[in-house]
Amino acid sequence: MSIEITFPDGNKKSFDAPPTGLEIAQGISPGLAKKAAVVRVNGELWDLSRPIDRDARFEIVTRDKPEALEVIRHDAAHVLAQAVQELYPGTQITFGPATDTGFYYDFARAEPFTEADLEKIEARMREIVKRDLPIRREVWPHDQAVAFFEKAGEKFKAEWIREGLKPGEELTIYKQGDHWLDMCLGPHLPSTGKLGTAFKLTKVGGAYWRGDANNAQLQRIYGIAFATEQELKDYLRMLEEAEKRDHRKLGPQLDLFHQQEEAVGSVFWHAKGYTLWRTVENYIRRRLDATGYVEVKTPQLIDRVLWEKTGHWENYRQNMFIAESEDRVLAVKPMNCPGHVLIYKQGIKSYRDLPLRIAEFGSCHRNEPSGALHGLMRVRAFTQDDAHIFCTPEQINSETVAFCDLLMSVYKDFGFEDVRVKFSDRPPQRAGSDEVWDKAEGALKSAIEAAGLPYTMNPGEGAFYGPKLEFVLRDAIGRDWQCGTLQVDFVLPERLEAEYVAEDNSRQRPVMLHRAVLGSLERFLGILIEQHAGAFPLWLSPLQAMVAPIVSDADGYAGEVAEALKAAGLRADTDLRNEKINYKIREHSVHKVPVIAVVGRKEAEEKTVTLRRLGSEQQQTLPLAEAVKVLAAEAAPPR
RNA sequence: GCCGAGAUAGCUCAGUCGGUAGAGCAACUGAUUCGUAAUCAGUAGGUCGCAGGUUCGAUUCCUGUUCUCGGCACCA
């Protein structure tokens, strides 16, 4: 039988017997064969050593390609598993995929792995790489695989095959050397030596079998892996950089906020941090004022009866804070929507009133699981830049487009240009009929298309009352943060019986769009701190200019300068301490003050100031009036 | 919530094989008036997370607990 191979450039070659990818590569050039990681056969990634038993489109995937990197990482997971089983006999293997930066593998073992174990395991991995064990693919029948893993004491693997695969189905086994194997879809590199050395084990953690908290707890070992040493180094440097920017460190260091045991999951905002907060809040308020929103404030405590109507009592009771008073059970509001519906329902609404955009800087409380709390990023008390747009079904499109415009422009003002959109559709547990969901998903889909933003699907991740768009922004060092959201809700207006009078005098249900740009103020400020590493742009900086005299003779003039800056709307202060100018410069630089205005005898005489910007050693001497004008213009918040 | 690790001065950390703790920085006081990233000297600061237990004696050993950190699960 003859096999015809078609190369990407259209050339064809015939073989008498099924050739392997490696043989074809060698036929082209030994150098190429060396660089090859896997091959693409009719669009599918195959092992280099797998005989190609059919006519096929064929392409060699070299080590430097993204698809190859995933194979490298997956190989690393298998080498990790082998190393662990060699070092710790009796440990059961489960699964270990590639991740965005490396790999992990989940193990079942009574003893916990320690940090010290990681070093040993990593050393053994390097040894296995050095052994350069051939990796071979085999196809096994279902029952043979079950029998094998059961005999080997691999209960998790056996269970997976028994319950996850059909009896007739063949499955693939990858052998690493003669003594170790794992069930795997592949593909893999031809031998462990091809993995290279650019990997590192990073942490141990818990994980649940099949990702379900009701199942056995496994131990997950994480690693990072790259195609080259340089990429590994770069990534480690990025991690270091991220650690330096950690808002949980910078927050207290820069005197922005702190957290403590007596108010777990809540934030004590200090004067500087709250200045940052107000700057952000006021900016958003101006943007909302300019785009047709009204701002309201709703009660913190609302009777459980309301939450029963909305469905929150049923769905989220265990995460709500409860208060009791005079035989009433009240819930601290976990969200603002019902309150906004109650405001909407005051008075009869006409179609002429729609769309009605009700906004609130809504303070909410949710009793998040203790293990979920994380600095400002996940708290129990937070404030959303929330709004609900009550509109007709026809208005969903235009409102979505307007919201996307607003959101993108706000993100840009904060220095985020790279924004991705995810579309989350119906979750397994939900309110409302399939018909309503069809309608809501359809409306949202056509709306986001009208907005012209590309999006990816996030199946089953919608809210219980409706599908949602999630807006994810990428920060300065490449991390992603979900912030904004837009959710279509046909359910809540129904449950709380909101209505409007249509043109034909009939009573209709409005659609409710839940939307937030920043998400939670707390979280967004945390992201801002990390984005800027605490060195905020001038308009956001809590303290914008520090006036530092060189000699005490200039103290009086320093006061004048600070007053002039404050009169122009800048946040300025003086540092009149009897310290050397070097000391003051250092201290205010460490505290990330964007502008230090130095005044000495010369400036006091000439009525000038010498400005020094954070991150630059350059000095600029300007007449006071001009300096004030320049700084005031620069410090103005975006409109 | 689950698995694992941790908690010593405001911060970063050292230390005590059981005999109530130490450094640097910060703070405070004094001297220094010095032109762009740390002036010098001195002082003060800790029921060693909290509660029990063992012990003549516990910051140290044991138990429980709270919180933090790393994962997982959760995230209206």
Side-chain angles (χ1 to χ4, degrees), chain A residues 104 106 111-115 202-222 246 248-249 252-253 255 258-265 307 310-320 333-338 364 366-375 377-380 382 384 427 429-431 461-466 468 482 485 487 489 491-492 514 519-520 523 548-555 577-591 596-603 610-619 621:
Chain A
Y104 65 77
D106 289 344
E111 288 280 295
F113 290 113
T114 64
E115 297 288 323
T202 50
K203 48 197 166 195
V204 227
Y208 296 105
W209 171 236
R210 297 189 181 197
D212 184 338
N214 299 310
N215 289 343
Q217 182 120 30
L218 308 169
Q219 295 186 69
R220 178 170 297 178
I221 297 180
Y222 283 91
D246 192 327
R248 293 169 300 179
K249 269 192 129 160
Q253 246 168 46
D255 198 19
H258 84 274
Q259 299 182 281
Q260 68 181 58
E261 214 175 306
E262 287 77 4
V264 173
W307 303 108
T310 61
H312 290 96
W313 193 264
E314 186 191 343
N315 283 296
Y316 294 104
R317 163 74 191 85
Q318 66 286 356
N319 292 322
M320 287 161 73
K333 71 172 170 180
M335 55 182 349
N336 309 299
C337 4
C364 298
R366 295 179 188 172
N367 198 357
E368 304 286 3
S370 55
L373 302 176
H374 183 95
M377 300 306 186
R378 190 85 178 271
V379 286
R380 288 187 174 144
F382 56 95
Q384 294 174 312
Q429 204 195 338
R430 58 180 180 264
E461 296 292 319
F464 78 87
Y465 49 71
K468 62 184 179 187
Q482 199 230 297
T485 183
Q487 309 171 5
D489 185 359
V491 175
L492 202 58
H514 306 242
S520 108
R523 181 179 156 81
I550 295 168
V551 290
S552 50
D553 285 354
D555 284 3
R577 291 174 305 171
N578 180 9
E579 296 290 352
K580 284 183 160 181
I581 194 62
N582 287 350
Y583 182 88
K584 294 183 185 180
I585 295 285
R586 179 184 145 79
E587 191 170 271
H588 301 306
S589 299
V590 166
H591 285 99
I596 301 174
V598 175
V599 294
R601 288 206 179 87
K602 189 164 69 91
E603 284 81 359
T610 300
L611 302 181
R612 178 185 169 125
R613 308 297 184 124
L614 182 59
S616 160
E617 286 172 19
Q618 280 170 20
Q619 304 171 32
T621 303

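Quick note on labels: first sequence line is chain A, next is B, and so on, each numbered from 1.
- In this structure, A/Gly371 and A/Met335 both approach RNA chain B, and ranking their closest nucleotides by distance from the 5' end singles out A/Gly371.
- In this structure, A/Arg612 reaches the bases: a heavy-atom distance under 4.0 Å links it to at least one base atom across the strands shown.
- Remark: the A/Arg378 side chain and the B/C75 base include a donor-acceptor N/O pair separated by less than 3.5 Å.
- On a pure distance criterion of 3.5 Å, a polar donor-acceptor pair joins the side chain of A/Glu603 and the base of B/G35.
- In this model, the phosphate group of B/G70 is approached by a side-chain N or O of A/Arg248 to a distance below 4.0 Å at OP1 or OP2.
- Taking the P atoms as reference points, B/U12 lies 15 Å from B/G49, given to the whole Å.
- Here the separation of B/U33 from B/U39, taken at their P atoms, is 15 Å to the nearest Å.
- In this entry the distance linking OH of A/Tyr583 with P of B/C25 reads 11 Å, nearest Å.
- Looking at which nucleotide of RNA chain B each of A/Glu587 and A/Gln487 is closest to, the 5′-most match is held by A/Glu587.
- Looking at heavy-atom distances under 4.0 Å, A/Pro369 makes contact with a base.
- Heavy-atom minimum distance, A/Ile581 versus A/Pro549: CD1-O, 4.3 Å.
- Between A/Pro369 and A/Arg380, the shortest heavy-atom contact is C-NH2, 4.0 Å.
- Rounded to a whole Å, the CD atom of A/Gln219 is 8 Å from the C1' atom of B/C3.
- Across A/Pro112 and A/Gln219, no two heavy atoms sit closer than the pair CA-OE1, 3.2 Å.
- In the model, A/Gln384 has a side-chain atom that pairs as donor or acceptor with a side-chain atom of A/Asn336 under 3.5 Å.
- Listed pair A/Ser552 / B/U33 fails the phosphate criterion, with no side-chain N or O lying under 4.0 Å from OP1 or OP2.
- Picking from B/C67, B/G71, B/U36 the nucleotide with the shortest atom distance to the side chain of A/Lys203 gives B/G71.
- In this structure B/A26 sits in no base pair that meets the Watson-Crick or G-U test at under 3.5 Å.
- Checked for salt-bridge contact, A/Asp212 and A/Arg210 miss the test: no charged N lies under 4.0 Å from a carboxylate O.
- Across all strands shown, B/A31 is found opposite B/U39 as a Watson-Crick or G-U wobble partner, with both distances under 3.5 Å.
- Partner assigned to B/A7 is B/U66, using Watson-Crick or G-U wobble distances below 3.5 angstrom.
- For B/A76, one of the phosphate oxygens OP1 or OP2 lies less than 4.0 angstrom from a side-chain nitrogen or oxygen of A/Lys468.
- Following rounding to the nearest Å, A/Arg366 (CZ) and B/G1 (P) show an atom-to-atom distance of 19 Å.
- Side-chain to base pairing of A/Arg380 with B/C75: no donor and acceptor N or O lie closer than 3.5 Å to each other.
- For B/U20, there is no paired nucleotide, since no Watson-Crick or G-U wobble pair has both relevant distances below 3.5 Å.
- Across all strands shown, B/C72 forms a Watson-Crick or G-U wobble pair with B/G1, both key distances being under 3.5 Å.
- Taking 4.0 angstrom as the limit, A/Arg586 places none of its side-chain polar atoms (N or O) nearer than this to OP1 or OP2 of B/C25.
- B/A58 is unpaired under the Watson-Crick or G-U wobble criterion, no partner having all donor-acceptor distances under 3.5 Å.
- Between the side chain of A/Tyr208 and the base of B/G71, no donor-acceptor pair of N or O atoms lies under 3.5 Å.
- Checked for salt-bridge contact, A/Arg577 and A/Glu587 meet the test: a charged N lies under 4.0 Å from a carboxylate O.
- With B/A76, B/G35, B/C74 as the choices, the nucleotide that has an atom nearest any side-chain atom of A/Ala372 turns out to be B/C74.
- Base pairing of B/C48: no nucleotide in any strand meets the Watson-Crick or G-U wobble criterion (both distances under 3.5 Å).
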